[in-house]
Structures are given as structure tokens and as C-alpha cells.
Amino acid sequence: MEKQAIWEIIENQKEDLIRFCCDMIKIPSENPPCNVEDVVAFICRFLDAYKIPYEIVRPIPERPNILARFGNPNGKTVVFNGHCDVVPAGDLSKWAFGPYSGEIKDGKILGRGTSDMKCGLAASLYAIAMLAKHQAELSGNILYTIVPDEETGGYHGTQWLFEHGYIQGDWGIVPEPTGYDNIEIGQKGNLGMHITANGTSAHGSLSPYVGDSAVEKMMDFLQQLKQLREIRGEYSGEIAQVMEVSKKVIRDIQKKPGVENCLDHVTANFGVIHGGTKYNMVADHCEAEVDVRVPIGVTYEQVKSKVDQIISENHFEGISIEYRGGKTGNYVSINDPITVSAKRCAKEIMGVDLIMAYQWASSDTRYFRERGISTIQYGPSNSEGIHTYNETVDVKDCVNAAKMYAGMILDLIG
């Protein structure tokens, strides 16, 4: 099948595509608590309608993963990966519209998950469905893994699927939000730190002379841990080129002084602290969760070495750390067939020169690149609503995204 033919099909069926997006938005699937059964059933009905084979695997009963396949199993494989969970809507009074209305207004689809990432999920599923419906003969295979828990780390989703051998492939496409003119070709490593501080309890009136406060110990340690933010990567060649483009992208989006430093520096966010029993007792236990993001060019070992140095030089005792998550940055070359295809399709469909940039955060894409699968992120989005209030996505971006996905499939395994 020629790319122009599938693009015309998607254009002619765009009202059906947008209805599919809206209907998916109307199904709450907040995580936590990860109530995804209804949206999983909705997606399975869609796959059934287009006779796309699939199976559901559950690492634990309440975490259903869909694995759908279409094409020639004897050729190369393009893996799509999308998550059907969304972050909670939060304070409903802060929304200008119902978070699960799925309405269309002023050319935008409204609601939680429009950008992150149900519209990208729906558009990519629809592109594959149109290829299936019109009996596109492919030289390779499409595997679509639809996971339930990306918003809480992917431990019972993408990570589990890789660990148990369900995912193998040559290229990967993750329809996470990027915007119509931007693909993500690299991202920071997501290194979580669970820190425990232990002390000695005593009556609060005797502090600091009696007892050893775990809360104070944690406060002092976290203050020193800010030194991690001084670690930065050094770059040359292609990586340096893409890094400069990426810095401009984040400056334009965030409009905060120095925000571009988060791309080439380690960042540390002190997200959660729990400690103590009562205000008048010296705390003998404190725990903290720190979100450390590691840029391309910096290793997990460098971060850990700096933490060990901080503990040693400051003589911290009773501190223990559990590290978890994707530990290093990852990327795909701008000359890989999948990035070349994305750029060509964007030019042909929208007449735009696609920006190739690194992401300051991380996603399930890291699991693919860590296993040698050349993977990009590309998905429709309006960045101002992601993980906050009044999330939207442009209708035209959903249509163009579906065309992009179909075009890349045909370029790679058509």
C-alpha cells in the first residue's frame, strides 16, 4: 500500500478517528489507583471490530496488559507502546470543563489524558486498524503493547513485559506527548532514591542533648544531596547538536531562567518525606523519596559515587539508600531509519521540518532503548495541560499523528 493512499483513507475517516479519541477520554482510568479495566475492555472491543488478534497478560490480577499483533511475523518488527492510565484529575473546581467530558471546543478535544496519552494511543491504534481493514501487505510485523501503569513507573507494564520476554523488535514508536513538529529521540535516566535515616528516640524536651533525631539527620543529608545538581554531561558531535536544539525547545516551552540546565545536568527533586511519631518525641526513623534524573553522558556510577562521597565526607551514620528505575540517559541517532522516516513523513504530511530533541523527563521509552530497540516518541499534545488542569489536544494534530504512524509503518515494513 502506498503512503498517500492510507493518508487519504485516514483523512476521509477523520470524524470516526476523533470520535474514537473522545470516547476513550470519557472513560476514567486514573492511576493511582489504576482503575483501567473499563478502558482495556473498550480497546479490546475496537481490536475485535477490526479483527486484530490480541492477548491480555496480567502480572498481577489488577494490571491487564494488551498485546496486539498485525502483519507478517517473519519480517522485522515495529513495536508500538502506549499506556491507558492517566494521572488523577485532582481538584475538579480548577477545571474549566469536565475532565472526562471528551468534548470538542474550538478545534480541541478536552479532558484528562488527551495529551498524555490517550489521543496518541487512539491515533496509533486507528492507523493500524486502517491498515488492517484495507489489507495492507506488510513485509514485517506490528506489535502493540498497551500497558496499565506507566504513570506509576511501569513496573507491572512495560518493564514486566520486557523481563518476561513479551517484547522483541527492531524499531519502537511510543505515542507519548511531543507536539506535532517535535519528536523525542533521547531522554534522561530516571533514578529513584528511597532514603532511610535511623536515629534514637527520646523525650522532645531533651533534644538535641539526648536522642538522635532521624528527621534532622535527613534534613542535613538532603541539603548536601543538592550537590548532585552540579554534575553535568559533556558532549560533542551529533549529541551536542541535538542538545542545543533541545535547550531551545525547553526555553521556549517553560520560559523560566536557566531551565535548559535540566537537560545536561543531574536534577534532584525531594518529593516525599515521612518521619517521626509525635511532635514531642525525638524521631528515630525518617524516610524520603528523591527523584533523580540523569542526563545523557552521565552514568549511574557517577551519581552513586557522589552520594557515597557526601556520606563519607559528612560522616553521616544511619543513612541507607535504595536505588531503582532506569539509571542512565538514552537516545537514538538522528540518522536511524526510524528518525529519517519520521522527518520525511512530517514534511510530506504537514510541510514541517521536524525538530529532533532530547526530553528532560523519562518514560517507558527507556526500556526499549536499553534493550537496543531504536525508539522514538511522537504524539499529539498541548504541553500546558499535561499532569495539571485543563488538558487538551488539537483535533488536527490527532489526525496528522495517525497519518504519521501509518507512514512510518509503511516506510519501515511496508
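Worth knowing before you read on, the calculation uses all heavy atoms, side chains too, and leaves out hydrogens, waters and symmetry mates.
Checked against Met356 for a side-chain contact (heavy atoms from CB on, under 4.5 Å), the options Val249, Asn182, Val245, Ile334 give a single hit: Ile334. Screening Arg366, Lys188, Arg369 for a side chain to side chain donor-acceptor pair (under 3.5 Å) with Asn330, the sole residue that qualifies is Arg369. Screening Asp149, Thr145, Asp116 against His83 for a side chain to side chain donor-acceptor pair (under 3.5 Å) leaves a single residue, Asp116.
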request  = Evaluate the criterion salt bridge (charged side-chain N to carboxylate O under 4.0 Å, His left out) for residue pair Asp23 and Arg19; output intermediate values, then yes/no.
outcome  = CA-CA 6 Å; Asp23 287 346; Arg19 187 179 308 111; 5.9 Å; no
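Aromatic ring orientation, Phe20 versus Phe46: parallel (interplanar angle below 30°, classes split at 30° and 60°). Classification of the Phe368-Phe162 ring pair by plane angle, with boundaries at 30° and 60°, yields perpendicular. Classification of the Trp95-Phe97 ring pair by plane angle, with boundaries at 30° and 60°, yields perpendicular. Classified by interplanar angle (parallel below 30°, tilted 30° to 60°, perpendicular above 60°), the ring pair Tyr405/Phe80 is perpendicular.
At most 12 heavy atoms of other shown residues, nucleotides or ligands fall within 6.0 angstrom of atom NZ in Lys14.
Judged by distance alone, the side chains of Gln241 and Glu244 never bring a donor and an acceptor atom under 3.5 Å apart. No donor-acceptor contact under 3.5 angstrom links the side chains of Glu176 and Ser363, judged on distance only. Using modelled atom types and a 3.5 Å distance limit, the side chains of Ser115 and Asn382 yield no donor-acceptor pair. For the residue pair Ser333 and Glu238, a side-chain donor N or O sits within less than 3.5 Å of a side-chain acceptor on the partner. Side-chain contact annotation: Asp16 with Tyr126, donor-acceptor N/O pair under 3.5 Å present. No hydrogens or angles considered: nothing links the side chains of His315 and Glu317 as a donor-acceptor pair under 3.5 Å. Glu62 and His156 are not linked by any side-chain donor-acceptor pair at a separation below 3.5 angstrom, with hydrogens and angles left out of the test.
Taking the six-membered ring wherever Trp is involved, the centroid distance between the rings of Phe70 and Tyr50 does not fall below 6.0 Å.
Residue Gly233 comes nearest to Val298 through the heavy atom pair N-CG2, 3.6 Å, listed as atom of the first residue, atom of the second, then distance.
A salt bridge does not link Lys217 with Asp220: every distance from a Lys NZ or Arg NE/NH1/NH2 to an Asp or Glu carboxylate oxygen is 4.0 Å or more. A salt bridge links Arg324 and Glu289; the closest N-O separation between the charged side-chain nitrogens and carboxylate oxygens is under 4.0 Å. The pair Glu11-Lys403 counts as a salt bridge, with a side-chain nitrogen and a carboxylate oxygen less than 4.0 angstrom apart.
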